Number of protein chains: 2
Amino acid sequence: MATQTEPLASRRDPLTRERVLVAAIALADQSGLETLTMRNLAHELGVEAMSLYYHVDNKEAVLDGMVEVLIDEINALVGDIEVGTDWKEALRRRILTAREVLLRHPWAPGVIESRTNLGLSVVRYFDSLLGVLRAGGFSYDLAHHALHALGSRAIGFTQELFDPDDSGEDEANAMLEQMAGELPHLVGMMMEIAHDDPGSTLGWCDDQTEFEFGLDLILDGLDRVRGTA
Amino acid sequence: MATQTEPLASRRDPLTRERVLVAAIALADQSGLETLTMRNLAHELGVEAMSLYYHVDNKEAVLDGMVEVLIDEINALVGDIEVGTDWKEALRRRILTAREVLLRHPWAPGVIESRTNLGLSVVRYFDSLLGVLRAGGFSYDLAHHALHALGSRAIGFTQELFDPDDSGEDEANAMLEQMAGELPHLVGMMMEIAHDDPGSTLGWCDDQTEFEFGLDLILDGLDRVRGTA
DNA sequence: ACCTGAACACCGTTCAAGT
DNA sequence: ACCTGAACACCGTTCAAGT
């Protein structure tokens, strides 16, 4: 326990690429991606902004590296999951494991989707998914389609179009009621939900439930086309 | 035809919110989203940057408005599609119509996903999808799950994780070959593709085919759970 | 009502210079 | 080898002022 109380890295330790990336992740986790500026990041490391450029090409490289660190973490967890017994379960467990990691880093989905080309760790992750599919009897061609069909779900997230945890909930409800004539099905749905579970309207979506519903829908679909083709 | 040769709007016409949004879309279409700055946009309209703020709250409002205009266009096209004969076909046609519009505006997916709350036009679009599902016999609850399962596919796009049209293709191929030992399934897939269709490796994905494959997989899946539940 | 000039508080980044 | 200070070219945005 004595070693635990030591600081992880003294302010006077020389900077490394690794330390920069870890600090960037911590900063984005705690304060949000919009406060991740080169100046803030440098300040967090007890250094001037320009020092970062000695260890990292530019800000894009920082974002690339943050994703890399995260997916490496996923790869480490996912490597222990056995392949071959049941491809659907093996894939499902990998994806839900990846999701657990990403859920701890709300900035990750947006940053991942903004990368123009993904690094080696993501390639490794997809190679392992491909391995599961192949072991499950998929042709390369069908496995390729499968990964496209899963899309970002393959690494454990979907970008929700309407994010409910925002403040504009009451406002949105008011809009809906006012538009009752123009949006008949939407208000019908809201009314049924209000009836079944009074008090909850827009905040009722359980992201994890929806994610697993969609995931299982696709996995079951793939199982069927695998049998057909 | 004489009226056609007249400029759409004289430089001296007073600015309107509408003209700002249309110009913003045109600028993003032609030069990419990164060149859509308030200054550039103003210049395009023959005006100073600060004049924009008289018609628009801020840049976020411009982006909101651009999405709004786009989805309104989709709604107009989609309104003519009949409901009721075959829900799957009706939904499919709506989604593929939306996709056709979005494909003309490469910046749209990213901007849509970056909105914290979507406007009325998107709500209207989803109401119409809900209508199709209801007419097809879906309960509100199942229809709700269905829209979540479709995610951004419901408005016609998926964010591709690896976008192939970029310049780094040869580089990526070189990486793959070097990593042959570590990425057995990926190189196996590449080799099979190279064998079947020599010369094409990373650029082989047909986005439209993959989109429709995934879409049909989900629609078929929904058809089955509808029967079950 | 509609537009502008000057200015502010921020960015990421370069470059020559320090130790 | 590693870090810094000053400066540059950009952002979005405010505010008082012009017509």
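A note on names: the letters A, B, ... follow the listed sequences, proteins ahead of strands, and every chain is numbered from 1. Worth saying up front: this structure is predicted, and the values here are computed from it rather than measured.
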Subject >> Side-chain ion pair, B:Arg153 and B:Glu212, N-O less than 4.0 Å >> reply: no
Subject >> Polar side-chain atom of B:Tyr140 near backbone of A:Leu186 as donor-acceptor pair, under 3.5 Å >> reply: no
Original post:
Where is the tightest heavy-atom contact between B:Leu217 and A:Ala149, given as atom of each residue plus distance?
Top reply: CD2-CB, 4.1 Å
**OP:** Please determine if a side-chain N or O atom of A:Ser51 lies less than 4.0 Å away from the OP1 or OP2 oxygen of D:dT4.
**Re:** yes
Original post:
Reckon B:Tyr54 has a side-chain N or O less than 4.0 Å from the OP1 or OP2 of C:dC2?
Top reply: yes
Original post:
Does B:His55 use its side chain to pair, donor to acceptor, with the backbone of B:Leu15 at less than 3.5 Å?
Top reply: yes
**OP:** Tell me, yes or no, whether the heavy-atom count around B:Met179 atom CE, taken from other residues, nucleotides or ligands under 6.0 Å, exceeds 12.
**Re:** yes
**OP:** Using Watson-Crick or G-U wobble pairs with both distances under 3.5 Å, give me DNA chain C in dot-bracket, 5' to 3', with [ ] for crossers and | for pairs to another strand.
**Re:** ||.|||||...|||||.||
**OP:** Mark yes when over 12 heavy atoms from residues, nucleotides or ligands other than A:Glu182 sit less than 6.0 Å from its CD; otherwise mark no.
**Re:** yes
Subject >> Contact state string [nucleotides 5-19 of chain C, B base, S sugar-phosphate only, - no protein heavy atom under 4.0 Å] >> reply: BB----BBBB-----
Original post:
So does B:Asp64 pair up with B:Arg115, basic N to acidic O under 4.0 Å?
Top reply: yes
Original post:
Looking at B:Phe211 versus B:Phe157, is the centre-to-centre ring distance below 6.0 Å?
Top reply: no
Subject >> D:dC3 OP1/OP2 closer than 4.0 Å to side-chain N/O of A:His55 >> reply: yes
